[in-house]
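Scroll down for the structure; my scribbles are underneath it.
Any value given below was found using the heavy atoms of this structure, including those in side chains, with hydrogens, waters and symmetry copies removed. Note that the structure is predicted; figures quoted are calculated from it, not measured.
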Amino acid sequence: MESQDYWSDVNAVGDYYIRHDNVYTMKFVRHLPNLNSHLTALAQYGGPLAVFRRNDLNEESRMEIFNAVGQLITEFKWTSGNLLTMSWSSTESLVCVQTDGSVLIYQLMGGSPQLRKFYIDSKKTSSEQVASAKFYESQFGTGVAIATSTGRFLFLNGLENFSPKPLVGQESYRRAAPGCQTSRTAPVQSPFPAAPGAAAAPVADLQPARQSSSITIAMPHMTRLNTSWEVSRDRYSMPPARPTAASISTECTVIILPGAVPQPAGPVPAAWCVLAPRPSNQLGPDQIRIFVLSRGGLLLLEQNRPPASLLEPPPAEALTDLCLSLDQSLLALWSEPQRHLTVYSLASGLSASGLPAPLSRHSLAGGPDSAFVGGDGGLLRMAWCANAAVMLVWADQRCLLPTVRSDRFANRLDEFHEGEGDSGAPLLVPEFDGLRLLTAERHDLLRPLPRPVEQLFNIACVSPATVLLLAHDTISGQARTETAAYELFLTIESDADKLAAVRCCLEAARFIAWPPDQKRVLRAARTGLALLPPKYSREHRTDELCQQLRLLNNLRFNESIGLPLTHAQFSRLGLGVLIDRLLNRRLHEFAFRACELLRLSESDGQARVMMHWAEWQIDTLPPLVGAGVDIGESREDAQASDALVADIVKFVGQRPGVNYARLAGKAARLNRPGLARRLLDFETRSQDQVEQLLALGSHGKALEKAVKSGDTDLIQQVLLKLHNMRSELDLAGIMRKQPVAMALYQQAYCASDPAALLDQEDRRSDLAALELRRAFDATEAARRQELLGLAASRFTEAGLPVLAKECQLAAQLLERQRKLERDLSAQQFAGLSLHATLARLLGNGSEKLAESLRREFEVPEKRWWQLQVTALAKSGRFTELRRLSERKSPIGYAPFVNACLDAGNEAEAVALLPRVEREQRVRCLCRLRRYAEAIDFASGLKTDAAYHLEYLRRHLAREEVRQPGQPVVREAAQRLRALHQTMAAGGGGV
């Protein structure tokens, strides 16, 4: 391909110029004289080619997968059933549909397939099989629809979530369409299984009369659960809404559409295609539309609606083929024998009246006034080239017809035949930006030229971009006539024209596939940017575009890769999807370099590549040789695992995004636990590491790693799983070396029955403490007394006699309290402390019982006196308190005064004041607010006077803050300050 001949491979088709590029000369390692003799599937976006060779007398059936240049990627024997058709999904998985409804999904490199199943004949009572299948792309992924031999349609909008749906209807359609006549038919038994508990649903006889050439549409009354659309060449049925038991009828309405051309008998539609769910048509995940050609007419099948007749051709012709564009905006219909191609626009949607007016109608019947010549035999294939034209293929003819009616169309396209020999009609694979043609010898690509490319290379077009390219060619030529180039630059006057020329060159560089032409227009763009202000150079940097084109050229021209992506396809796929496709081909080194070239982040680029490489290395390990003792591996297996782990750690390392736990999970699924444990030693995420160790059964190591992480939540998660998985004895053995885990386990799980664990561990002191805690938590006095006795015995067994004695005294006190409650029925003593019990008895006047209890529990005398004083004062028995004060008090008499003041009897406190000791009298006077007496008494002391005066000063200071403005406090404070000054002046000090 030379730069000067770029326009020579361009054909004018309607309003478009379509370029024909020879991408590859195929290099099949095995002889494939004609791809049409095999079942084939070519993926979009320059993807792989699958060839199914059916078995003959000498060979078995084989599936061979080639790249776009014809080099073998992988092959495997076909051991499944009868293959009907196959295609590639959006993730480059090979989807194979068999006649029994089985759907096999193979990865690019082969391996065990995923099995899906359309249950078309669950009771095995009929010979219903898959007659044809269509694949389509929707917003929910790759979908597949099948037509059975009985005319039923089933579909699936996403292969990942496989749940086949029948094309069901929910409304009865009893009114005949315009131009249709209605008749009655006798009911017959429904062939569908009835729903559990539902009445048997009758269905009409769907077989039309032999002499009738009309299309019969029957609407039997069946329940929704067991119904589906039934469509065939001679019959179409749509079940209505689910009726009640009382509304089920034994008759159905049949609509006969007259005027159809008779077709050969058979249940399979002549041709059909799927209108997949897209955001534009508002179809849900369980909905599709199907265009069906039958008896020469076009019908539309849709969920919850009756069949709609969209088009009835004239009686002299019949529609035999149809083709829907990839964006589902255009529909092409082919009719025989007149050889008419009619194009309709679906952009505005479908109406009840039928299809809109056609965009164009081309007649290829031949004759003196026809531009079309040749094309013997029937039409073999039909496909869209973007939305610009339709490619028609016969055995000896290829023709491109424009979307809109025009006199310009490519008739014979003889250049398609150059070098093909007897390779036969090409395979057609529509792309969103063009059309791929593949034979056994050539791989070609048709693409409509974008407007910038047309402006740049069209001989009849003079634009600023053309002038800029010519000026650049003048500068880079051998003569290097700068003057002529400068004169050309002067013809581009405004900056807007220069900027438009630069953008045109950049867009052309994206479209062009030949590196010399890419360099030529990119250099022209750089030259144009040099003539513009600097801000435009920053906005239109060519560095990123050059890197992308460099990557695409390596993908295209490296035949071992063979991935001829256009820049538009690369932009739509995205770099992440491209990296995934390289990884699926196991081109790890190239993917790694591509991430470096385009400067992807570490986690999204190189780490992802290295993880895929490591997983592939694990997959390719040889089978296990034998079983060992410690980790279930023989010596040879252990050596192979060690070598692999060393390689992975060396090349993968600890990059951001690397997950050794995922690699360990991969090894575990392949029954290599030893390798999984070795890989987990390099995992830095404690959560993932512990989860995988638990999955491998390494419970002790999992708990150890959780404790080392210091994450208490993680430790508790491990303990919860171990608590549910292991026995208490095993769990105790695991936690014996982990005291942190043991403490958390006791805190979390020993609340219900911790004694069993402590008893197994022979932890007698902890067991005694547990019984003591249970005793204090008990609400019943009898139960608490019992538990206290048990705790006393446990403490005795643990060698703690002091604690055992305390438990015995607590049990003894509880027993006395229960006896007091029985004797004094109006009082409650259980649960009180010894002091509280004595205080309550003294306050009630039960001095004898209190005295007896004091002697029994050996309450000290000072504590006993304090309890008596407090209890008598609170109960208001001041006479008894005065008699008690006449006795010699071991606690002094200040407690008497304080108790009277706390009870609000100041007179009694004043009466008891003379008996208060000198050390406590100042404090008592301060509580009585007799500050003058306190000052006189403190100043008259021979010893500790300074101490008492300082106490008075601080007390008065607090009172001034607490009760500001009190005369008594203010006068006492002034007098105390004067006393301090006098003592300081006399040299006595304070």
Side-chain angles (χ1 to χ4, degrees), residues 23-24 26-32 35 37-56 58-81 83-98 102-116 135 142 159 427 429 436 438 440 443 554-556 558-565 573 577-592 594 609 611-623 666 669-670:
V23 182
Y24 294 121
M26 302 303 290
K27 299 182 178 179
F28 288 108
V29 295
R30 294 176 180 171
H31 183 57
L32 285 173
L35 291 177
S37 59
H38 303 283
L39 184 60
T40 58
L42 180 62
Q44 294 179 339
Y45 295 94
L49 168 69
V51 178
F52 178 67
R53 296 175 181 262
R54 295 191 183 274
N55 60 338
D56 51 22
N58 299 325
E59 296 182 357
E60 295 179 344
S61 297
R62 301 187 65 83
M63 183 70 73
E64 299 175 347
I65 299 178
F66 304 89
N67 63 7
V69 75
Q71 292 191 358
L72 184 66
I73 297 178
T74 186
E75 61 178 338
F76 53 89
K77 293 182 180 180
W78 183 264
T79 57
S80 299
L83 180 61
L84 176 68
T85 184
M86 59 184 178
S87 181
W88 292 93
S89 70
S90 57
T91 57
E92 284 196 341
S93 297
L94 183 60
V95 183
C96 303
V97 178
Q98 298 182 161
S102 300
V103 180
L104 303 178
I105 304 176
Y106 289 90
Q107 298 302 318
L108 178 61
M109 303 305 293
S112 299
Q114 301 179 26
L115 177 62
R116 305 290 188 263
F135 302 89
T142 301
L159 291 174
L427 304 178
V429 179
R436 293 191 184 274
L438 185 72
H443 183 165
N554 279 275
L555 292 172
R556 181 182 300 113
N558 189 340
E559 295 183 352
S560 61
I561 300 175
L563 192 58
L565 279 176
L573 279 180
V577 178
L578 176 60
I579 295 299
D580 288 336
R581 296 196 172 191
L582 292 173
L583 296 180
N584 290 338
R585 289 167 170 78
R586 297 173 184 170
L587 301 172
H588 300 96
E589 183 177 358
F590 189 91
F592 190 88
V609 174
M611 282 292 296
H612 191 278
W613 171 83
E615 291 179 350
W616 174 54
Q617 292 294 320
I618 295 174
D619 281 333
T620 57
L621 277 176
K666 180 81 170 180
R669 288 191 296 272
L670 295 177

Item to check | Heavy-atom donor-acceptor pair, R54 side chain to H38 backbone, under 3.5 Å | outcome: no

Next on the checklist: If you define the side chain from C-beta out and look only at heavy atoms, does anything of R53 sit under 4.5 Å from S61?
Outcome noted: no

Item to check | Side chain to side chain, K666 and D619, heavy atoms closer than 4.5 Å | outcome: yes

Next on the checklist: Go through it in stages, so that I can follow the logic: the residues are H443 and V69, the test is side-chain contact (heavy atoms from CB on, under 4.5 Å), and I'd like the CA-CA distance, side-chain angles, deciding distance and then a yes or no.
Outcome noted: CA-CA 7 Å; H443 183 165; V69 75; over 6 Å; no

Item to check | Of V51, L35, L438, the residue whose pairing with L42 passes side-chain contact (heavy atoms from CB on, under 4.5 Å) | outcome: L438

Next on the checklist: For a 4.5 angstrom cut-off between non-hydrogen side-chain atoms, does S93 reach Q114?
Outcome noted: no

Checklist outcome for this item: By ring pair (Phe, Tyr, Trp, His ring centres under 6.0 Å), F52 pairs with (sequence neighbours left out) W78

Checklist entry - Given side chains that start at C-beta, do those of Q107 and N584 come closer than 4.5 Å, heavy atoms only? => result no

Item to check | Side-chain heavy-atom pair Y106, T74 within 4.5 angstrom cut-off | outcome: no

Checklist outcome for this item: In this structure, CG of L555 is separated from CG of L582 (nearest 0.5 Å) by 6.0 Å

Checklist entry - Less than 4.5 Å apart, any side-chain heavy atom of L670 and any of L621? => result no

Item to check | Atom of S102, atom of L115 and distance for their closest heavy-atom approach | outcome: CB-CD1, 4.0 Å

Checklist entry - Taking all non-hydrogen atoms of both residues, which atom of T85 and which atom of L39 are closest, and how far apart? => result CA-CD2, 4.1 Å

Next on the checklist: Any heavy-atom pair between the side chains of H588 and L583 that's under 4.5 Å?
Outcome noted: yes

Next on the checklist: Looking at Y45 and S90, would you say the former's side chain and the latter's main chain have a donor-acceptor pair under 3.5 Å?
Outcome noted: no

Checklist outcome for this item: Tightest non-hydrogen contact, residues S80 and Q98, listed as CB-OE1, 2.9 Å

Item to check | Heavy-atom side-chain proximity of V95 to V103 below 4.5 angstrom | outcome: yes

Checklist entry - Looking only at heavy atoms, what is the nearest atom pair of P564 and G46, with distance? => result CD-O, 3.5 Å

Item to check | Exercise: identify the closest heavy-atom pair between Q71 and E559 | outcome: OE1-O, 3.3 Å

Item to check | Steps toward side-chain contact (heavy atoms from CB on, under 4.5 Å) verdict (N67, L563) | outcome: CA-CA 7 Å; N67 63 7; L563 192 58; over 6 Å; no

Checklist entry - Closest approach of A591 and V609, non-hydrogen atoms and distance? => result CB-CG2, 4.0 Å

Next on the checklist: Going by the rule side chain to side chain contact (heavy atoms under 4.5 Å, CB included), which residues pair with P48 if we only count those two or more places apart in sequence or in a different chain?
Outcome noted: A43, I65, I73, W88, E92, L108, R585

Next on the checklist: Within this structure, what is the CZ-CH2 distance for the pair R586 and W613, rounded to the nearest 0.5 Å?
Outcome noted: 14.0 Å

